[in-house]
Enquirer: 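After the structure tokens below, expect a handful of questions from me.
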Amino acid sequence: MEQAERVNIVIDKDTRVERAYEKYGWLILAVSAIFGIGAAAVIAAPSYYVLTDPLYRDFYPVIIAWGAVLVGFNIFALVLTLIPFRGGERWAWYTLWMMPLLWLSLFALAPDLPLYLAFAVITAAGLLLPYRRFFSGSA
């Protein structure tokens, strides 16, 4: 039998092993942005009841504009999550804090929908889990 070769692995002291929650924390942000796109699409396309009710007829252009802005914001957040955030760029981490702030502002506008608050907390967790990836000493 041949003796197995020994391999010496040298690990640089600045290199650290990335944990799974740090490596895949971006998934939480991507799912939040996809849910945001879906919710904004529902807002941008109000039901027939809203279109025919005289109470809401004056607000219809505002509702469509608000939905379109939210669709655009969430597409922007999704692209930011998938490209620079996954690449470890620190500015993307700061910029994506707009997502939990958006969910919190929606909760402030509609406090009877606690799902907005839950999305804000989950999205903030998605940003805090990979914190060491963006702010470690080796960066």
Side-chain angles (χ1 to χ4, degrees):
M1 290 186 150
E2 293 181 25
Q3 186 177 0
E5 288 186 35
R6 295 187 127 181
V7 178
N8 292 330
I9 300 173
V10 178
I11 299 176
D12 187 12
K13 67 178 181 176
D14 291 335
T15 308
R16 65 178 191 81
V17 177
E18 198 171 32
R19 294 197 165 82
Y21 64 84
E22 293 174 346
K23 189 174 183 181
Y24 298 109
W26 63 271
L27 282 171
I28 295 171
L29 300 174
V31 168
S32 177
I34 290 169
F35 278 139
I37 291 170
V42 169
I43 291 172
S47 67
Y48 180 72
Y49 173 76
V50 172
L51 296 176
T52 58
D53 189 2
L55 179 65
Y56 297 111
R57 191 170 296 151
D58 294 337
F59 297 108
Y60 180 67
V62 174
I63 292 170
I64 290 179
W66 179 247
V69 165
L70 288 177
V71 167
F73 172 81
N74 283 296
I75 289 172
F76 173 70
L78 185 61
V79 169
L80 228 66
T81 300
L82 294 177
I83 299 170
F85 185 80
R86 280 184 69 190
E89 296 189 33
R90 192 178 291 180
W91 66 268
W93 187 85
Y94 286 118
T95 305
L96 284 171
W97 275 99
M98 291 187 312
M99 289 179 69
L101 292 176
L102 173 69
W103 288 116
L104 278 176
S105 66
L106 290 173
F107 178 71
L109 292 173
D112 55 330
L113 296 173
L115 186 64
Y116 290 147
L117 183 60
F119 274 131
V121 170
I122 290 169
T123 307
L127 285 164
L128 291 174
L129 286 175
Y131 178 82
R132 288 181 54 190
R133 180 178 185 204
F134 292 95
F135 298 99
S136 66
S138 64

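Positions are given from 1, in the same order as the sequence printed here. When reading the values below, keep in mind they use all heavy atoms of this one structure, side chains included, and skip hydrogens, waters and symmetry mates.
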Enquirer: Heavy atoms only: give me the nearest Leu113-Phe107 pair and the separation to one decimal.
Expert: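 Between these two residues, the closest heavy atoms are O-CD1, 3.5 Å.
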Enquirer: Flag the pair Thr81 / Trp26 as yes when at least one side-chain heavy-atom distance between them is below 4.5 Å, and no otherwise.
Expert: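 A side-chain contact exists here, since the closest heavy-atom pair is under 4.5 Å.
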Enquirer: Do Trp91 and Met98 sit in the same hydrophobic cluster, where Ile, Leu, Val, Met, Phe, Trp and Tyr count as joined when their side-chain heavy atoms come under 4.5 Å apart?
Expert: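 Linked within one cluster.
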Enquirer: How close do Phe85 and Gly126 get, counting heavy atoms only, and between which atoms?
Expert: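 In terms of heavy atoms, the two residues are closest at CZ-O, 4.4 Å.
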Enquirer: Give the minimum heavy-atom separation between Ala30 and Leu82, together with the two atoms involved.
Expert: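 Result for this residue pair: CB-CD2, 4.5 Å.
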Enquirer: Flag yes if Leu101 and Trp93 sit in one hydrophobic cluster, no otherwise; membership is Ile, Leu, Val, Met, Phe, Trp, Tyr, and two members link when side-chain heavy atoms are under 4.5 Å apart.
Expert: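 The answer is no; the residues belong to distinct hydrophobic clusters.
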Enquirer: In terms of hydrophobic clustering (I, L, V, M, F, W, Y; side-chain heavy atoms under 4.5 Å; direct or indirect links), are Val71 and Phe76 co-clustered?
Expert: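 Yes, because Val71 and Phe76 connect within a single hydrophobic cluster, where side-chain heavy atoms sit under 4.5 Å apart.
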Enquirer: Side-chain heavy atoms nearer than 4.5 Å, only ILVMFWY residues, links allowed to pass through others: does that put Val121 and Leu102 together?
Expert: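 As far as the 4.5 Å side-chain criterion goes, Leu102 and Val121 are not connected within one cluster.
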Enquirer: Verify the neighbour count for atom CZ of Phe73: are there more than 12 heavy atoms of other residues, nucleotides or ligands below 6.0 Å?
Expert: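 Atom CZ in Phe73 is packed in, count exceeds 12.
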Enquirer: Do other residues, nucleotides or ligands put more than 12 heavy atoms under 6.0 Å from the CH2 atom of Trp97?
Expert: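 Correct, the count exceeds 12.
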Enquirer: CG of Leu109 to CH2 of Trp66: how many Å apart, nearest 0.5 Å?
Expert: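 Those atoms lie 6.5 Å apart.
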Enquirer: Taking all atoms of both residues into account, what is the closest heavy-atom pair of Ala68 and Ala44, and its distance?
Expert: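 The answer is N-CB, 4.2 Å.
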Enquirer: Ring centres of Phe135 and Tyr94 under 6.0 Å apart?
Expert: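 Between Phe135 and Tyr94, the centre distance is under 6.0 Å.
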Enquirer: Is Leu128 reachable from Phe134 through a run of hydrophobic residues whose side-chain heavy atoms are each under 4.5 Å from the next?
Expert: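 Yes: a chain of side-chain contacts under 4.5 Å links Phe134 to Leu128.
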Enquirer: Which atom names give the shortest non-hydrogen contact between Met99 and Ser32, and what distance separates them?
Expert: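 So the minimum-distance heavy-atom pair works out to CE-OG, 3.5 Å.
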Enquirer: Enter the distance from Leu29:CG to Leu80:CG here, rounded to the nearest 0.5 Å.
Expert: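 Result: 10.0 Å between the selected atoms.
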Enquirer: Please find the pair of heavy atoms, one from Leu96 and one from Leu127, that lie closest to each other, and give the distance.
Expert: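 Distance-wise, the nearest heavy atoms are O-CD1, 3.5 Å.
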